[in-house]
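Written out below as structure tokens is the structure these notes cover.
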Amino acid sequence: MSLPKFICAIITRGLFIFVSLAGVWRVTWVKKDKTYWFLTALFLPLVVEMIITLRRRKGQDYKWFSPPIFLFLISIIPSIWILELHHQQNKASDPQCRKLDSWDNVRRVITLNETTRNLTNPNYLKNINHVLTAVCPNDWILALHQILLILLILGKWLLPLGGGVTRGELSQLLLIFVGTAADILEFTSETLSDVKENSPQLVYIILAVWTWSMLQFPLHLAVVNNNSDSEAEQGVQEVSLFTKHSTDMWSTIEALFIQDGPFLVVRLTVMTYFDVFHQMLVFFAIKNFLVVILNLYRLTVICQDFRPSSSSTRRGSAIP
């Protein structure tokens, strides 16, 4: 294994652990309970995976699945769940805070941090506590969501390529990750903001769908193509529909059952059952509906085009 690949593999997993550690620290800070430090035990599978991958696979990732990204999600998702649930349960009792929605508020937080540097140690710790609590809890959680999604994209870019994955497929996968991350962040931020104080079950539904949608990142089925491998193995034998259009089929399955389909169900539930209605919610519900319909249309076109091609192949092979 070359030195750059080794360094990239180490740095990527180190960033995964660092961000997960920041999430656990925030949980212990918010809950004021040091027993939550036991969440760091979820880092151990990622460390074991790093050792095994570096020794046996020379740092190389797998073709269809990325274990480090999957284990990174396992290590950080519980912290985000705890923070989101705690925030929804304690909205009314949250102290006065500064939202990071303007440059003036950001400068005030930075200025407040700079004034604590010349203080004595006990006063310094108290003022650090004041600086950390000055930022709104929702901004902390949103920042963790954003860092998580950005790091998933950068991490996949830095990780050594899996066997059989080309640079073109990697670039296409990264572009899909960018669009997916934007949709997921919009779903969580917009939908969680619609939660009323008397609807805790809606928070569980949104977080469950969000967790399910995050499984798109360790899976690479919608981009990596196996047509050349399957055709080489089957030779002159007839190629099945799923083998010939595997990438299109997997992308359709992900849209219907992992992202846009569940997002549409949640948004319709919010509007009908929980009686929440506003323009942006309707717009994104229509957007998810269009994506679902277009993917079904795409699937129908693929099936219809495959039948004539397969029948013509049979007639051509029957001619002596």
Side-chain angles (χ1 to χ4, degrees), residues 73 76-77 80-81 83-85 87-89 91 99-102 136-153 156 172-219 221-223 248-301:
L73 292 176
I76 195 172
I77 283 178
I80 296 179
W81 268 73
L83 291 173
E84 289 283 7
L85 293 174
H87 174 62
Q88 295 296 332
Q89 294 169 359
K91 278 184 177 181
K99 291 186 65 68
L100 301 180
D101 54 359
S102 65
C136 293
N138 190 44
D139 288 337
W140 278 101
I141 300 172
L142 180 59
L144 196 58
H145 277 284
Q146 293 169 339
I147 294 172
L148 166 63
L149 293 170
I150 292 173
L151 189 55
L152 286 172
I153 299 171
K156 184 56 189 175
Q172 185 180 358
L173 182 65
L174 293 174
L175 290 173
I176 292 177
F177 276 9
V178 172
T180 301
D183 289 340
I184 292 176
L185 182 62
E186 168 270 319
F187 170 76
T188 52
S189 59
E190 289 288 335
T191 314
L192 283 173
S193 64
D194 297 330
V195 176
K196 299 179 180 179
E197 295 182 0
N198 58 349
S199 304
Q201 63 271 27
L202 180 58
V203 181
Y204 287 95
I205 294 174
I206 295 171
L207 291 178
V209 173
W210 167 75
T211 303
W212 174 247
S213 67
M214 296 297 287
L215 293 177
Q216 298 175 88
F217 291 99
L219 296 175
L221 301 173
V223 173
D248 294 324
M249 299 287 284
W250 279 116
S251 62
T252 302
I253 290 173
E254 287 187 357
L256 294 178
F257 298 105
I258 300 182
Q259 183 169 322
D260 289 281
F263 287 4
L264 175 62
V265 172
V266 170
R267 287 186 167 117
L268 292 178
T269 304
V270 170
M271 288 189 291
T272 57
Y273 184 79
F274 293 97
D275 197 22
V276 177
F277 185 87
H278 56 82
Q279 287 181 321
M280 295 303 296
L281 182 61
V282 175
F283 171 78
F284 286 116
I286 294 174
K287 176 251 186 186
N288 293 137
F289 176 75
L290 289 176
V291 173
V292 170
I293 293 300
L294 290 175
N295 274 280
L296 291 175
Y297 173 72
R298 171 64 176 162
L299 186 62
T300 304
V301 170

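- A donor-acceptor pair under 3.5 Å is formed between the side chain of Q216 and the backbone N or O of S213.
- Residues F177 and F217 come closest through the heavy atom pair CZ-O, 3.1 Å.
- Residues E190 and D194 share a closest heavy-atom pair of O-OD2, 3.2 Å.
- L175 contributes atom CG, which lies 9.5 Å from atom CD1 of I153 (distance to the nearest 0.5 angstrom).
- Considering CD1 of I76 and CG of L148, their distance stands at 5.0 Å, rounded to 0.5 Å.
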Worked verdict on F187 versus V209 for side chain to side chain contact (heavy atoms under 4.5 Å, CB included): CA-CA 10 Å; F187 170 76; V209 173; 4.0 Å; yes
Full working for side chain to side chain contact (heavy atoms under 4.5 Å, CB included) between V195 and F274: CA-CA 9 Å; V195 176; F274 293 97; over 6 Å; no
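- Closest approach of L149 to A181, counting heavy atoms only: CD1-O, 3.5 Å.
- Of all heavy-atom pairs spanning A285 and R267, the tightest one is N-CD, 3.8 Å.
- Under the 3.5 Å distance criterion, with hydrogens and angles disregarded, a donor-acceptor pair is assigned to the side chains of E84 and H145.
- Put simply, the side chain of V203 does not reach to within 4.5 Å of the side chain of Q89, judged on heavy atoms.
- If you take CG on L215 and CD1 on I258, they are separated by 6.5 Å, rounding to the nearest 0.5 Å.
- The line from CD of Q146 to OG1 of T188 is 9.0 Å long, rounded to the nearest 0.5 Å.
- Counted within 6.0 Å of CZ on F284, heavy atoms from surrounding residues, nucleotides or ligands total more than 12; the atom is thus considered enclosed.
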Worked verdict on L192 versus H87 for side chain to side chain contact (heavy atoms under 4.5 Å, CB included): CA-CA 11 Å; L192 283 173; H87 174 62; over 6 Å; no
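- Remark: L256 CG to N295 CG distance equals 5.5 Å, nearest 0.5 Å.
- You'll find the side chain of K287 stays beyond 4.5 Å of the side chain of L264, heavy atoms only.
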Evaluation steps, side chain to side chain contact (heavy atoms under 4.5 Å, CB included), between N288 and Q259: CA-CA 9 Å; N288 293 137; Q259 183 169 322; over 6 Å; no
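- The heavy-atom pair separating F257 from W212 by the smallest distance is O-NE1, 2.6 Å.
- Between T211 and W81, the side chains place a donor N or O and an acceptor N or O closer than 3.5 Å (distance only, hydrogens not considered).
- Rounding to the nearest 0.5 angstrom, the gap separating the CG atom in L219 from the CH2 atom in W250 is 8.0 Å.
- Minimum heavy-atom separation, L73 to M214: CD1-O, 3.4 Å.
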